[in-house]
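Reckoned from all heavy atoms, side chains included, excluding hydrogens, waters and symmetry mates. Residue numbering restarts at 1 for every chain, and letters A, B, ... go by the order of the sequence lines.
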Number of protein chains: 2
Amino acid sequence: MKKLTQSLEDYIEAIYVINLSSKVIRVKEIAKFLNVKTPSVVDAVGRLTEKGLVIHEKYGYLELTDKGYKLAKEVNDKHEKVYKFFNKVLGVSDNISKKDACNIEHYISKETMDRMIKFIKFVDTCPEGYPEWLKNFNYYAKHGRHPSKCTKNNVSK
Amino acid sequence: MKKLTQSLEDYIEAIYVINLSSKVIRVKEIAKFLNVKTPSVVDAVGRLTEKGLVIHEKYGYLELTDKGYKLAKEVNDKHEKVYKFFNKVLGVSDNISKKDACNIEHYISKETMDRMIKFIKFVDTCPEGYPEWLKNFNYYAKHGRHPSKCTKNNVSK
DNA sequence: TAAAATTGTTAGATTAGTCTAACTATAAAC
DNA sequence: GTTTATAGTTAGACTAATCTAACAATTTTA
């Protein structure tokens, strides 16, 4: 199966996300979610239907096929991981992390994704808790210089 | 001035990069660089010319205007930083770092870019040299677990 | 249950980006 | 200095993604 375009990935992810909080999916909700007009949604849904990713009863509800669900989940997982990496590791603000994750999720290769995920896990499972070096990075980002001593494991409190 | 599209950013960056190693820029070289056909280049160059970013003598050479040069350099700098972050910090392979940087450079916001740059600098200027924690991350990425002791600053050799 | 409101669809236009094929200008080689 | 090769351009087609405006189906409500 050919890769989806960025746009179609956005649509299928939107359907997935909407479906998390409501059992019923409508053209209008997708339009609202993605800030587009309904004809654009109808168009996109048509293309997703052709690919066997979505079932759409005319004038009725939409649902993801199994294949569509799987794909949508993959896209959304990527999104979540990139968001988390930007926000929790790099310390980017919530809004911008979301926005950037949303944009770049379509373009990150498996290998890079894999390293990001490992990085997040590396931080989350650090034996010393929130890692000293990450505290140091936040200090560095704020003050433009390393904290006075960082050759020893100096916990400040 | 309106932001360039991804595609136009690629074209203007290509011109900039080609220009680094050769004084003369031709339609054909751009086409080769970006893996597109010459009519696509002509088309794109036309749009860049309209925006006052490029000067193109018909059937002749191309050059960047001052404005074009400035913009192209910004795009390329972003590219370089993202590449370096993926490659040097995350440890992504050379090829994939390049490919991913090339794709996502168009979508990263200033804030995220800023944090990435700071992260690279944080690593590069670490008082202990190549940071212990980054060694630990590489170990973690390879073996799936943290090295046996990392609560002390244990230099292994 | 008929009118009104909401939601969904279709048709047609527009922009961007790409291509192939045909053509034209310039440069190189003889 | 013609011919030939190379490089650049134009025309026309195609795909994807969006929109507005007009229309159709469904649902709500009075």
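Here D/dA16 presents its P atom at 12 Å from CG of A/Leu48, a figure rounded to the nearest Å. Rounded to an integer number of Å, the gap from CD of B/Glu57 to C1' of C/dT26 is 12 Å. Between B/Leu4 atom CG and C/dA16 atom C1' there is a gap of 13 Å when expressed in whole angstrom units. The distance between atom CZ of B/Arg26 and atom C1' of C/dT26, rounded to the nearest whole Å, is 10 Å. Between A/Lys58 atom NZ and D/dA24 atom P the separation is 12 Å, expressed in whole Å. In this structure, B/Asp10 places its CG atom 8 Å from P of C/dT18, rounding to the nearest Å. Nucleotide D/dA16 holds its P atom 17 Å from the NE2 atom of A/His106, rounded to whole Å.
The stretch residues 99-111 of chain A participates, sequence neighbours left out, in no salt bridge (charged side-chain N to carboxylate O under 4.0 Å, His left out) pair at all.
Using a 3.5 Å distance cut-off with no hydrogens or angles, the side chains of A/Asn103 and B/His106 do not pair a donor with an acceptor.
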Exercise answer: donor-acceptor pairs, residues 11-19 of chain A side-chain atoms, under 3.5 Å, sequence neighbours excluded:
from: A/Glu13; atom 1: OE2; to: A/Asn76; atom 2: ND2; distance (Å): 3.0
from: A/Glu13; atom 1: OE2; to: A/His79; atom 2: ND1; distance (Å): 3.3
from: A/Asn19; atom 1: ND2; to: A/Ser22; atom 2: O; distance (Å): 3.1

Show me, pair by pair, the donor-acceptor contacts under 3.5 angstrom made by side chains of residues 32-43 of chain A, not counting sequence neighbours?
from: A/Asp43; atom 1: OD1; to: A/Arg47; atom 2: NE; distance (Å): 3.4
from: A/Asp43; atom 1: OD1; to: A/Arg47; atom 2: NH2; distance (Å): 2.9

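Counting Ile, Leu, Val, Met, Phe, Trp and Tyr side chains that sit under 4.5 Å apart, directly or through other members, A/Val24 shares a hydrophobic cluster with A/Tyr61.
Within residues 28-45 of chain B, the residues that have a heavy atom under 4.0 Å from DNA chain C are, in order of number, B/Val36, B/Lys37, B/Pro39, B/Ser40, B/Asp43.
For A/Tyr61 and D/dT26, the shortest distance from a side-chain N or O to OP1 or OP2 is not below 4.0 Å. Considering only side-chain N and O atoms, A/His56 lies nowhere under 4.0 angstrom from the phosphate OP1 or OP2 of C/dG8.
B/Asp94 meets the side-chain contact (heavy atoms from CB on, under 4.5 Å) test with B/Tyr83, B/Asn87, B/Lys98; sequence neighbours excluded.
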